[in-house]
Amino acid sequence: MSYEPDLLYDAGPTGCGELIMNLFLTMKKMESGQIIKVISYDPGAREDLPAWCRMQTHTLIERRDVGKTSHYFIEKG
């Protein structure tokens, strides 16, 4: 399945704490139902992002792993 993200956030090698904080601030400006694509090289994000989405009532639509990089598609709740 292919998604058209409204925003792209390339977190690069950013650690999870900073990634979540930046994502939180970015998503505050988004409308409900919009999709953000997050690219992360941090393996910890594979655990942290889904948990954060549940707590924030956002929907993690899909995670795609490409080598050491993970691509997340998140719909704002």
Side-chain angles (χ1 to χ4, degrees):
M1 186 134 214
S2 183
Y3 304 101
E4 255 328 297
D6 298 286
L7 270 173
L8 171 65
Y9 172 48
D10 188 343
T14 303
C16 241
E18 192 179 337
L19 185 160
I20 296 285
M21 195 66 220
N22 291 341
L23 186 56
F24 175 78
L25 294 171
T26 301
M27 289 187 80
K28 271 179 89 159
K29 301 173 193 155
M30 293 171 62
E31 299 291 322
S32 188
Q34 284 189 310
I35 295 173
I36 185 168
K37 178 179 179 181
V38 179
I39 301 172
S40 174
Y41 302 92
D42 181 355
R46 293 178 186 183
E47 300 291 322
D48 293 349
L49 264 180
W52 180 80
C53 286
R54 282 192 301 276
M55 289 190 295
Q56 296 291 320
T57 66
H58 302 312
T59 305
L60 177 59
I61 302 169
E62 185 182 349
R63 183 185 97 204
R64 293 186 199 143
D65 297 326
V66 183
K68 294 184 177 183
T69 309
S70 295
H71 298 239
Y72 302 86
F73 293 84
I74 301 169
E75 181 180 336
K76 179 167 179 170

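Taking NZ of Lys28 as the reference point, atom CG of Leu23 lies at 13.0 Å (rounded to 0.5 Å). Rounding to the nearest 0.5 Å gives a distance of 9.0 Å between NE2 of His58 and OG of Ser32. The line from CG of Leu7 to NZ of Lys29 is 9.5 Å long, rounded to the nearest 0.5 Å. We find the NZ-CD1 distance between Lys76 and Ile74 to be 12.0 Å, quoted to the nearest 0.5 Å. Going from atom CH2 of Trp52 over to atom CD1 of Ile20 covers 6.0 Å, rounded to the nearest 0.5 Å. Taken from CZ in Arg64 to OG1 in Thr69, the straight-line distance is 13.5 Å, to the nearest 0.5 Å.
The shortest non-hydrogen separation linking Pro50 to Ala45 is CD-O, 3.6 Å.
Not a single donor-acceptor pair under 3.5 Å links the side chain of Asp6 to the backbone N or O of Gln34. Judged purely by atom type and a 3.5 angstrom limit, Tyr72 has no side-chain atom pairing as donor or acceptor with the backbone of Ser40. When atom types are taken as modelled, the side chain of Lys37 and the backbone of Leu8 share no donor-acceptor pair closer than 3.5 angstrom. Of the possible donor and acceptor atoms, none in the side chain of Thr59 sits under 3.5 Å from a partner among the backbone N and O of Ile61.
Residues Tyr41 and Lys68 form no side-chain contact, since every pair of their non-hydrogen atoms from C-beta on lies 4.5 Å or further apart. Between Ile36 and Met27, some side-chain heavy-atom pair lies under the 4.5 Å cut-off. Counting only heavy atoms from C-beta outward, the side chains of Asp48 and Leu19 never approach each other to under 4.5 Å.
Applying side-chain hydrogen bond (donor to acceptor under 3.5 Å, both in side chains) to Tyr9 and the options Thr26, Thr14, Asn22 leaves one that passes, Asn22.
Hydrophobic clustering (side-chain heavy atoms under 4.5 Å, transitive across Ile, Leu, Val, Met, Phe, Trp, Tyr) keeps Met21 apart from Ile39. Linking ILVMFWY residues whenever their side-chain heavy atoms come closer than 4.5 Å, directly or via other members, places Leu25 and Val38 in the same cluster.
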List the steps and the verdict of side chain to side chain contact (heavy atoms under 4.5 Å, CB included) for Asp65 and Arg46. CA-CA 10 Å; Asp65 297 326; Arg46 293 178 186 183; 3.7 Å; yes

